[in-house]
Amino acid sequence: MTIHADHSAPETAVEDPAADVRAKFGISVEDYMLPARHQIQMVNPDGTLRSRDEQGTEPGHEYPTPGDAELMAAYEQLVVGRRVNDQNSALVRQGRMAVYPSSHGQEACQVAAAMCLSEGDWLFPTYRDAVAVMTRGVDPVEVMTIFRGDWHGGYDPKKHKVGIQCTPLTTQLLHAVGVAHAAKLRGEDTVVMAMCGDGATSEGDFHEALNFAAVFHLPVIFFVQNNKYAISVPLSHQSVAPSLAHKAVGYGMAGERVDGNDLVALLAVMDRAVKLAREGSGPLLIEAHTYRMQAHTNADDATRYRPDSEVTEWQAKDPLARMKSYLTDKGLLNDEASNRITEHAEAVATQLREGLGEDVPVQPLDLFKYVFSKPTPQLKEQSELLAGELAREESAK
């Protein structure tokens, strides 16, 4: 499809989205686009299952409980994610990692975002989404390579269909939309998961990505992990909208709010979002309410902008403890399964310690090798000078 600089509707536009929504859900297009009046929550912080009337669902916003196998697989990834977060924080203190943005407390969001995707789908993470990248199947040491300070991202994006973790805020959303647009033009059955935080919604790239995705009706899920702070800036200083999910209607897409520490609800909401996007319903905006329990990075002092009482309040909503209680009460998690999962998590932590403890061989000429696809005369000259210097040093040994 060629994009023309005129005001005609794109070929991919839905002729009558209201009629499509009424036929599929029996509700108005406004009720479809607006999030449910209450966030979707299936499991209480103490691990007990909420009644259907208490889950926040409404017509057009209904979610079946995920199956037992999916819940157990997700819990295992949750345990691994927590162990990795804690291990990486220790590796930073030991000097084996340069920096690490911990997602301790947000792991449920990342597990659900990765698990809901099929093999051919794409994931575009933020710098804090290492657990999501691991859950997608990328080797843990490769995932953490970027935080060790290497010049490359650590893994092959094309092989895993996972974008390199972005440090620049919100740029990954534009990449995600581009991949979704290309996939649609090719006729591929691809859904793209574009992850970001609440701070990203204040960026211009956020607007551009959502507007383009909506206009061209692309299969993108914009997943906002609202952890209440953009580093030290609270959400109240970023937006006065009823919720970040309410921003969806302004672009002509559906929005939803979900408890980001409730892995059961997250899986249900994300599974449905992927299904709708794959069926051709266009992009969706999902806002997950969660909390970053630890500092922004090891260079941050979170006590300067949030009180300890707030952290304590959110500790009682820990997604790991909640899911463990729920699965135990449901009879799915016993001592044998728990021990097996713990052993798996420890094996991953050991793999990280050993992998990140190895010295990385230094190739000085790589300084010039990857700057341009075709080296400039200046780079060639500098590279030759360095090569000569290295050769003289070697011959002098």
Side-chain angles (χ1 to χ4, degrees), residues 9-42 55-64 109 112-113 116 170 173-174 176-177 180-181 184 191-198 200-226 235 238-260 265-289:
E11 297 173 17
T12 53
V14 178
E15 293 183 4
D16 187 357
D20 182 62
V21 168
R22 281 193 294 269
K24 185 176 292 187
F25 301 107
I27 58 176
S28 69
V29 67
E30 291 83 6
D31 285 340
Y32 169 70
M33 290 182 182
L34 287 169
R37 290 173 178 80
H38 303 283
Q39 70 170 353
I40 307 302
Q41 184 188 68
M42 294 185 169
Q55 291 181 5
T57 59
E58 297 175 359
H61 300 261
E62 296 150 327
Y63 303 95
C109 294
C116 71
T170 326
L173 299 190
L174 298 173
V177 169
H181 189 45
K184 184 168 185 178
V191 172
V192 179
M193 180 68 64
M195 304 179 71
C196 68
D198 52 284
T201 66
S202 301
E203 294 284 322
D205 287 353
F206 179 82
H207 161 73
E208 293 169 5
L210 268 69
N211 194 58
F212 191 98
V215 169
F216 289 95
H217 208 65
L218 302 180
V220 183
I221 298 166
F222 296 97
F223 184 38
V224 181
Q225 297 176 78
N226 179 2
L235 182 64
Q238 300 178 58
S239 175
V240 293
S243 77
L244 297 178
H246 277 79
K247 293 179 180 287
V249 68
Y251 296 98
M253 67 177 72
E256 193 68 285
R257 291 177 291 178
V258 59
D259 182 344
L266 281 163
L267 290 169
V269 170
M270 301 299 277
D271 284 346
R272 180 177 180 267
V274 169
K275 180 175 182 292
L276 289 173
R278 204 180 305 281
E279 290 175 348
S281 293
L284 300 98
L285 173 62
I286 308 297
E287 177 192 4
H289 292 268

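Side chains are part of it too, since the values below use all heavy atoms of this structure and drop only hydrogens, waters and symmetry mates. Sequence positions, counted from 1, serve as the residue numbers for this chain. Everything quoted here is computed from the prediction, not taken from an experiment.
- His246 has its side chain within reach of Leu34: a pair of non-hydrogen atoms, C-beta onward, lies under 4.5 Å apart.
- The shortest distance between side-chain heavy atoms of Ser281 and Lys275 does not fall below 4.5 Å.
- Closest approach of Leu266 and Val258 over heavy atoms only: CD2-CG1, 3.8 Å.
- Here the shortest heavy-atom pairing between Ile286 and Met270 reads CG2-SD, 4.1 Å.
- Atom CD1 of Ile221 sits about 11.5 Å away from atom CE of Met253, to the nearest 0.5 Å.
- With values rounded to the nearest 0.5 angstrom, Asp259 atom CG is found 8.5 Å from His289 atom NE2.
- Residues Glu279 and Lys24 are paired through a salt bridge, judged by an N-O separation under 4.0 Å between the basic side chain and the carboxylate.
- In this structure, Phe212 and Leu174 have side chains that are not in contact, with every pair of non-hydrogen atoms separated by 4.5 Å or more.
- Between Leu244 and Leu285, the shortest heavy-atom contact is O-CD2, 3.4 Å.
- Taking both residues in full, the closest heavy atoms of Gln225 and Cys109 are given as OE1-CB, 3.4 Å, listed atom of the first, atom of the second, then distance.
- With rounding to the nearest 0.5 Å, the separation of NE2 in His181 from CZ in Phe216 is 5.5 Å.
- From Gln39, atom CD reaches atom CD of Glu256 across 10.0 Å, with rounding to the nearest 0.5 Å.
- Residues His61 and Tyr32 bring no donor and acceptor atom of their side chains to less than 3.5 Å of each other.
- Distance CG/Leu284 to CZ/Phe223: 12.5 Å, rounded to 0.5 Å.
- Note that OG of Ser243 is 13.0 Å distant from CZ of Arg37, once rounded to the nearest 0.5 Å.
- Within the 4.5 Å cutoff, no side-chain heavy atoms of Glu287 are placed close to those of Lys247.
- Contact record, Ala265 with Met42: CB-N, 3.8 Å, taken as the closest heavy-atom pair.
- Taking the side chain as every heavy atom from C-beta outward, Phe222 and Val177 approach each other to under 4.5 Å.
- For His38, there are no side chain to side chain donor-acceptor pair (under 3.5 Å) partners at least two apart in sequence or on another chain.
- Side-chain contact check for Thr170 versus Cys196: every heavy-atom pair is 4.5 Å or farther apart.
- Not a single donor-acceptor pair under 3.5 Å links the side chain of Arg272 to the backbone N or O of Tyr63.
- The two residues Phe206 and Ala200 come nearest to each other via the heavy atoms CB-O, 3.3 Å.
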